[in-house]
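Please read all numbers here as calculations on a predicted model, not as lab measurements.
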Amino acid sequence: MTEDNNEARYSRILVKLSGEALMGSTDYGIDPAVIKRIAGELQEIVGLGVQLAVVIGGGNIFRGAGLAPAGMDRVAADHMGMLATVMNALAMQDALESLGLYARVMSAIRINEVCEDYIRRRAIRHLEKGRVVICAAGTG
């Protein structure tokens with residue numbers, strides 16, 4: 001927001017969330033109270049009229065970077081990490097929708113049974129319609 005009024009400075013933003021932020025005080029996974037709080041903060045941003053996209057990590061579920069040096073194939077480890085981001089994105093979509101927002105998970109890898117393929121023009125259209133776009137599974 002600007003200093004002298006309650007208007008947003010930007011009309012469209014991208015928020016990057018660490019998967020570890022969803023853990024709260026737990027050792028792994030998602031703390032329901034934390035994801036609900038974060039969803040509420042994102043709701044405040046949308047309430048300002050800002051088009052919102054979210055990129056979410058998967059480190060609270062799986063960290064592939066540490067397994068590659070231990071002998072796991074790096075590509076397999078990266079794919080597992082990408083799937084963890086989809087899981088977090090679906091959880092965030094659920095939390096946002098429980099607050100009455102519309103949200104779409106868009107994936108850089110095809111996983112059509114649970115989310116949409118990331119197509120730039122479709123993502124922009126979702127944003128223009130007031131939906132939160134949650135990007136998962138890497139940058140494509």
Non-hydrogen atoms of [X] and [Y] that approach each other most closely:
X      : Y      : result
Met23  : Tyr28  : SD-CA, 3.6 Å
Ser25  : Asp31  : N-OD2, 4.2 Å
Gly81  : Phe62  : N-CD2, 3.5 Å
Gly19  : Asn88  : CA-ND2, 4.0 Å
Ala136 : Val105 : CB-CG1, 4.3 Å
Ala84  : Gly58  : CB-O, 3.6 Å

Decide yes or no on side-chain contact (heavy atoms from CB on, under 4.5 Å) for Val50 and Arg12, but give the supporting numbers first. CA-CA 5 Å; Val50 175; Arg12 180 181 296 156; 5.6 Å; no
Are there over 12 heavy-atom neighbours, none belonging to Met87, within less than 6.0 Å of that residue's CE? no
Step through the shown structure and confirm whether more than 12 heavy atoms of other residues, nucleotides or ligands are within 6.0 Å of NZ on Lys36.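 No.
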Once you round to the nearest 0.5 Å, how far does [atom1] of [X] lie from [atom2] of [Y]?
X      : Y      : atom1 : atom2 : answer
Ile56  : Cys135 : CD1   : SG    : 11.0 Å
Met106 : Arg131 : CE    : CZ    : 10.0 Å
Ile119 : Arg125 : CD1   : CZ    : 14.5 Å
Leu17  : Ile134 : CG    : CD1   : 9.5 Å
Leu22  : Ile35  : CG    : CD1   : 5.0 Å
Leu101 : Gln93  : CG    : CD    : 11.5 Å

Going by heavy atoms in the side chains, are [X] and [Y] under 4.5 Å from each other?
X      : Y      : value
Val54  : Leu42  : yes
Arg104 : Val132 : no
Ile45  : Ile13  : yes

Is a side-chain donor or acceptor of [X] paired with a backbone partner of [Y] at a separation under 3.5 angstrom?
X      : Y      : value
Thr85  : Ala137 : yes
Gln51  : Ser11  : no
Asn60  : Gly29  : yes
Asp117 : Ala108 : no

Out of curiosity, does [Y] fall in the hydrophobic cluster containing [X] (side-chain heavy atoms, cut-off under 4.5 Å, transitive links)?
X     : Y      : result
Val34 : Val55  : no
Tyr10 : Val15  : yes
Leu83 : Val114 : yes

Given the rule in the side-chain contact (heavy atoms from CB on, under 4.5 Å) test, do Glu44 and Leu48 qualify, once you have shown the distances and angles that lead to the verdict? CA-CA 7 Å; Glu44 290 178 23; Leu48 295 172; over 6 Å; no
Decide whether His126 and Glu116 meet the rule of one side-chain donor and one side-chain acceptor closer than 3.5 Å. yes
